[in-house]
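Here the structure comes first, spelled out in structure tokens, and everything after it is commentary.
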Amino acid sequence: MNVIVVSSSPNKDGLTAACAGAAITGIQLAGGHAQEVRLNDLAVGMCEACDNGWGTCQPDHECQVEDDFQELHAAVRQADALVLVSPVYWGEMSESAKAFTDRLRRCEATLRENSHLVGKPVIAVAAAGGSGGGMITCLLSMERWIDHIRARKFDLIPVNRWSRDYKLVAIQDAARTMVQEAIP
Ligand SMILES: Cc1cc2nc3c(=O)[nH]c(=O)nc-3n(C[C@H](O)[C@H](O)[C@H](O)COP(=O)(O)O)c2cc1C
């Protein structure tokens with residue numbers, strides 16, 4: 001099972017990175033293959049709402065804004081499952097996560113039941129390293145996104161500075177269980 005682990009913090013050793021690392025360990029423990037993608041290392045710009053609101057995303061299910069998104073989109077389409085880890089910024093996903101999820105949603109949600117992610121399990125993690133607030137509103141947007149692309153909510157996990165240690169264990173277990181469920 002090939003799982004893409006997408007993280008979206010500029011910090012390479014912060015809470016988000018620790019959560020992504022825990023997911024990768026869980027995937028590997030179950031015999032899966034983890035492909036790590038750090039959005040902040042890529043050039044994935046925001047949706048430009050081309051033309052009168054819909055560009056090629058609606059008729060062709062491809063984004064016409066050319067940057068690193070195209071390669072990432074192809075990788076996500078081919079993956080069996082996805083882990084999305086975002087730091088909580090203002091009770092929302094980070095800007096890099098928002099750019100990626102917005103553009104992917106336009107291309108895949110417009111395919112409806114033919115979305116390349118239909119039924120694929122997704123684990124979403126909201127990492128709130130500041131006040132610890134905003135995890136739930138962040139997860140709400142992530143949940144709505146999973147619904148729009150017709151993927152399957154395997155788990156939605158909030159984590160903050162105080163819950164870090166036991167939530168890292170939970171993230172690892174969730175990822176391991178997700179892969180074990182898929183491999184007979
Ligand atoms: C612009 C901005 C907004 C933030 N808003 C929140 C917030 O709403 N709640 C919270 O707990 N932390 C907030 N934080 C703190 C981040 O969630 C915290 O730095 C988190 O650990 C980031 O993950 P990292 O350790 O991987 O960088 C914010 C940080 C930034 C830069």
Side-chain angles (χ1 to χ4, degrees), residues 2-30 32-49 65 67-69 71-73 75-76 79 81-106 121-149 151 153-179:
N2 182 27
V3 186
I4 294 206
V5 179
V6 177
S7 67
S8 61
S9 169
N11 293 329
K12 292 197 163 91
D13 60 355
L15 183 60
T16 306
C19 294
I24 290 166
T25 302
I27 293 160
Q28 292 171 342
L29 282 173
H33 176 259
Q35 182 183 348
E36 184 175 15
V37 175
R38 282 182 32 86
L39 287 174
N40 292 62
D41 290 344
L42 302 180
V44 176
M46 64 180 283
C47 169
E48 295 183 7
V65 179
D67 55 18
D68 289 338
F69 177 79
E71 195 176 331
L72 179 56
H73 186 195
V76 170
L82 177 73
V83 178
L84 175 63
V85 187
S86 179
V88 176
Y89 286 179
W90 311 110
E92 298 285 347
M93 287 183 254
S94 67
E95 289 81 357
S96 60
K98 190 79 175 78
F100 162 67
T101 55
D102 279 347
R103 290 172 68 187
L104 189 87
R105 168 162 49 195
R106 279 171 169 264
V122 177
I123 296 171
V125 179
S131 65
M135 294 181 291
I136 300 305
T137 46
C138 182
L139 284 176
L140 267 178
S141 327
M142 294 166 119
E143 179 180 44
R144 201 177 311 119
W145 175 75
I146 296 168
D147 285 339
H148 282 147
I149 61 172
K153 283 162 272 186
F154 192 85
D155 208 346
L156 306 171
I157 304 178
V159 51
N160 63 21
R161 288 184 283 138
W162 308 285
S163 65
R164 174 188 170 117
D165 288 352
Y166 62 87
K167 288 293 178 66
L168 290 179
V169 175
I171 292 165
Q172 182 179 309
D173 270 359
R176 183 177 50 76
T177 306
M178 181 173 72
V179 174

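First listed ligand is number 1; within each ligand, the first listed atom is number 1. Every value quoted in this text rests on a predicted model; they were computed, and no experiment measured them.
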_Just to be sure I understand the cut-off, which residues have at least one non-hydrogen atom under 4.0 angstrom from an atom of ligand 1?_
Ser9, Asn11, Gly14, Leu15, Thr16, Pro87, Val88, Tyr89, Trp90, Gly91, Ala127, Ala128, Gly129, Gly130, Ser131, Gly132, Gly133

*State the CE-CE distance between Met142 and Met93, to the nearest 0.5 angstrom.*
6.0 Å

_As a quick check of understanding, evaluate salt bridge (charged side-chain N to carboxylate O under 4.0 Å, His left out) for Asp147 and Arg144, giving each step before the final call._
CA-CA 5 Å; Asp147 285 339; Arg144 201 177 311 119; over 6 Å; no

Show me the donor-acceptor pairs, under 3.5 Å and distance only, between side chains in residues 122-137 and residues at least two apart or in other chains.
| from | atom 1 | to | atom 2 | distance (Å) |
| --- | --- | --- | --- | --- |
| Ser131 | OG | Gly133 | N | 3.0 |
| Thr137 | OG1 | Gly91 | O | 2.8 |
| Thr137 | OG1 | Gly134 | O | 3.1 |

*Qualifying residues under side chain to side chain contact (heavy atoms under 4.5 Å, CB included), relative to Asp67, sequence neighbours excluded*: Val65, Phe69, Gln70, Arg103

_Within the structure provided, determine whether Leu156 and Ile146 are in side-chain contact (heavy-atom separation under 4.5 Å)._
yes

Sequence neighbours left out, cut at 3.5 Å: what donor-acceptor pairs do the side chains of residues 14-29 make with other protein atoms?
| from | atom 1 | to | atom 2 | distance (Å) |
| --- | --- | --- | --- | --- |
| Thr25 | OG1 | Gly21 | O | 3.0 |

